[in-house]
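Okay, so here's the structure we're looking at.
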2 protein chains.
Amino acid sequence: MSGATQIFAIRDFNRFYTARLGLLRKRHLDGEFSLTEGRMLYEIWANPRLTASNLRGVLGLDAGYISRLLASLTKRKLVRQAVSKADSRERLLSLTQAGEKKMAALNRQSEQQIEELLQGLNGEERERLVASLGVVRSLLTAQKSSEVQIERLSEVTGEVLDLLQEYYEAVGVMVRDTPESVREIVDDPDAGVWIATLNGKIVGCAYLHSLPSMPGATECKRLYVRPSARGKGVAHALLDAQEAFAKGRGFKRIYLDSKDDLRVAIGLYQRRGFVACERYNDNPQATVFLMKEIAETPKKALRRS
Amino acid sequence: MSGATQIFAIRDFNRFYTARLGLLRKRHLDGEFSLTEGRMLYEIWANPRLTASNLRGVLGLDAGYISRLLASLTKRKLVRQAVSKADSRERLLSLTQAGEKKMAALNRQSEQQIEELLQGLNGEERERLVASLGVVRSLLTAQKSSEVQIERLSEVTGEVLDLLQEYYEAVGVMVRDTPESVREIVDDPDAGVWIATLNGKIVGCAYLHSLPSMPGATECKRLYVRPSARGKGVAHALLDAQEAFAKGRGFKRIYLDSKDDLRVAIGLYQRRGFVACERYNDNPQATVFLMKEIAETPKKALRRS
DNA sequence: TGAAAATAGTTGCTTTAAGCAACTATATAT
DNA sequence: ATATATAGTTGCTTAAAGCAACTATTTTCA
């Protein structure tokens with residue numbers, strides 16, 4: 001297929017898909033929230049510790065407009081704004097209980113629309129649809145922003161501890177690592193702490209440490225990316241680095257756990273080839289357990305899957 | 001993959017793709033035309049004999065707003081409005097020469113953006129992208145609107161001749177069929193004229209007639225769908241009926257020709273499996289020649305392609 | 001260290017996009 | 001022949017979003 005034909009096909013698909021999305025949105029318009037308010041609620045729901053200026057970046061809207069919309073949502077008791085301790089100019093956004101409830105309703109509604117869209121597709125066709133969307137997405141995401149730098153720490157810095165602190169608060173982690181335990185991981189040649197920097201500033205981190213009870217397995221923990229740096233492939237870059245390291249050390253599988261409400265994160269893991277597995281630890285907060293084979297698999301075995 | 005996970009994946013993709021499209025549009029915003037004006041120009045360009053109320057349907061906008069935008073584009077000498085002979089309430093829209101020129105510029109710009117989007121994908125990846133988009137589209141288009149009825153004519157009616165007249169004018173056909181020649185096709189057991197009706201009204205037609213010089217081959221001609229009925233799968237339904245007929249009569253291949261500026265139509269043919277072939281007639285207006293194998297092909301042969 | 005520059009957010013004002021409703025003119029149905 | 005529907009226009013209004021000027025912090029760097 002020639003280049004011009006490809007470009008035509010893509011434009012044509014874009015028109016087609018825009019029309020389809022438009023249909024979904026038209027019906028979404030049942031009163032209470034404008035489309036943009038809905039997107040804002042979603043982003044706040046999905047990204048703990050989001051700020052107004054993060055929203056500006058994600059939604060691509062004017063700061064003044066966002067300010068007003070946030071003020072309105074706050075007055076309606078759906079959103080809370082807490083002055084950040086680290087930087088008292090910014091307000092950390094979160095949903096109130098009422099906001100969570102509305103969001104759940106919106107999500108249900110939206111899911112129902114997708115369900116309607118899938119009406120008339122059988123199981124096999126749905127699988128194919130999801131798989132094709134996955135291919136499209138991974139191809140279009142491939143171009144990593146080269147400003148993201150990944151580094152395996154050789155010593156524990158205050159910056160990392162601050163970032164971890166942020167992670168604990170964002171995700172609501174109960175059992176926190178002590179600086180000593182972090183240092184232990186840093187010093188372990190079969191484990192490590194990776195950090196991601198964007199334009200020189202630290203924006204993300206993740207551990208890798210082996211699971212003594214499971215030979216050949218290593219676990220990824222504390223994977224976190226600051227809200228302001230989301231959508232730039234930072235998590236992917238961190239996982240890439242960890243997978244390369246784990247392969248180099250001869251590990252066969254990477255495990256990780258998560259919470260079922262962290263759907264964006266779980267979606268990301270799944271796109272990278274992580275699949276559900278049995279509970280492998282006794283972390284009471286974890287409800288989702290995922291595993292990825294990283295050993296080179298013979299092609300025949302791959303085909304079979 | 002569970003149903004809930006699938007739905008999540010689709011919603012997630014929609015957000016991702018919306019963001020990508022948003023980026024494209026932001027940059028499109030360089031002055032002269034609003035997004036909606038651009039879409040209007042595109043539709044007028046792509047659909048001869050479009051009317052304001054067709055646009056209402058396609059773009060999903062208020063009639064008053066469309067009226068105003070059209071008035072503006074007309075004042076700017078980009079669009080022409082001709083009172084329809086058949087119904088003097090409606091105005092047939094077309095681009096002026098200046099409008100065509102602007103449209104060409106817009107298309108170039110848009111193509112360049114897609115080209116940028118593809119930056120960093122190699123040839124094989126691009127093929128995969130286009131193929132996946134095709135799968136998505138065909139899956140989501142599968143649900144045909146059941147109101148479309150297809151019928152193989154047993155006699156020539158005035159309605160069909162009117163529709164053909166419309167086709168000639170829309171596409172700018174030089175050599176027109178006489179009523180006698182149409183009747184000949186209708187009466188030929190190995191050929192035929194198909195019409196599509198939507199809620200009882202005729203909205204589309206197409207011929208099929210054999211090519212004496214090419215045994216096993218039949219040609220599709222005069223495939224036309226009224227602008228007001230586009231996007232409802234009418235053309236697909238007509239082609240489905242023709243392909244079934246052709247298979248039943250033992251034909252192995254369907255040919256058709258087109259003009260390279262009828263890109264929407266050509267895109268549709270390609271999605272159905274038509275591939276470029278050599279010029280097979282001496283129609284001076286045709287610049288694109290397509291062919292589809294309709295005989296059941298052994299799977300091995302399919303794989304190889 | 002302290003002034004200048006940058007960043008986060010707010011507020012008044014304006015622009016733009018788009019809808020609604022009432023209207024004219026023509027066409028279709030009973 | 002009259003009622004009803006359709007295509008399009010025009011006046012008025014609303015909603016969405018941007019711009020610019022402003023305050024309060026924080027960061028930079030000479």
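Numbered from 1 within each chain, the chains take letters A, B, ... in sequence-line order.
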Which of the following nucleotides, [options], is nearest to the side chain of [X]?
| X | options | value |
| --- | --- | --- |
| Tyr65(B) | dA18(C), dG8(D), dT25(D) | dA18(C) |
| Ser53(A) | dT10(D), dA8(C), dA18(C) | dA8(C) |
| Glu90(B) | dT25(D), dA7(D), dG9(C) | dA7(D) |

Atom-pair distance ([atom1] on [X]; [atom2] on [N]), nearest Å:
| X | N | atom1 | atom2 | value |
| --- | --- | --- | --- | --- |
| Met40(B) | dA17(C) | CE | P | 12 Å |
| Leu61(A) | dA15(D) | CG | P | 18 Å |
| Asn54(A) | dG9(C) | CG | P | 8 Å |
| Lys85(B) | dA27(C) | NZ | P | 14 Å |
| Leu59(B) | dG8(D) | CG | P | 13 Å |
| Ile66(A) | dT7(C) | CD1 | C1' | 15 Å |
| Leu70(A) | dA17(D) | CG | C1' | 15 Å |
| Phe33(A) | dA15(D) | CZ | P | 16 Å |

### Query
Is any side-chain N or O of Ser67(A) closer than 4.0 Å to OP1 or OP2 of dT11(C)?
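Result: no.
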
### Message
Does the structure place the NZ or CZ of Arg176(B) under 6.0 Å from the centre of the six-membered ring of Tyr167(B), at an angle of no more than 45° from the ring's axis?
### Response
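Geometry flag: not set, cation outside 6.0 Å or 45°.
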
### Message
Any base atoms under 4.0 Å from Arg91(A), or only sugar-phosphate, or nothing? Heavy atoms, all strands.
### Response
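If one applies the 4.0 Å heavy-atom cut-off, Arg91(A) turns out to touch the sugar-phosphate alone, with no base involved.
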
### Task
Under 4.0 Å between any heavy atoms, over every strand shown, what does Ala52(B) touch: base, sugar-phosphate, or nothing? Just pick one.
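Sugar-phosphate only.
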
### Query
Can any side-chain N or O of Ser53(A) pair as donor or acceptor with the backbone N or O of Arg56(A) at less than 3.5 Å?
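No, Ser53(A) side chain to Arg56(A) backbone: no donor-acceptor pair under 3.5 Å.
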
### Task
For Leu69(A) and for Ser84(A), locate the closest nucleotide of DNA chain D by heavy-atom distance; then report the residue assigned to the nucleotide nearer the 5' terminus.
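Result of the comparison: Leu69(A).
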
### Query
Starting at the 5' end of DNA chain D, which residue's closest nucleotide do you reach first, Gly64(B) or Arg56(B)?
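Going by which nucleotide is closer to the 5' end, it is Arg56(B).
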
### Message
Using side-chain heavy atoms (C-beta onward) and a distance below 4.5 Å, is Asn54(A) in contact with Arg226(A)?
### Response
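The answer is no, as the side chains (C-beta and beyond) never meet within the 4.5 Å cut-off.
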
### Message
Determine whether a donor-acceptor pair (one donor, one acceptor, N or O, separation below 3.5 Å) exists between the side chain of Arg89(A) and the base of dT7(C).
### Response
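Such a pair is found, so the answer is yes.
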
### Message
Given the structure, check if the side chain of Arg68(A) and the base of dG18(D) hold any donor-acceptor pair shorter than 3.5 Å.
### Response
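Per atom types, the contact qualifies.
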
#### Entry: Residue closer to the 5' end of DNA chain C, Asp87(A) versus Asp62(A) (nearest nucleotide)
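Counting from the 5' end, the first nearest nucleotide belongs to Asp87(A).
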
### Task
Please check if the distance between the ring centroids of Phe13(A) and Tyr17(B) is under 6.0 Å.
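Distance test on ring centres: under 6.0 Å, yes.
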
### Task
Output yes when Asp12(A) and Arg263(B) qualify as a salt bridge under the 4.0 Å nitrogen-oxygen rule, no when they do not.
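Judged by the 4.0 Å cut-off on N to carboxylate O distance, Asp12(A) and Arg263(B) do not form a salt bridge.
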
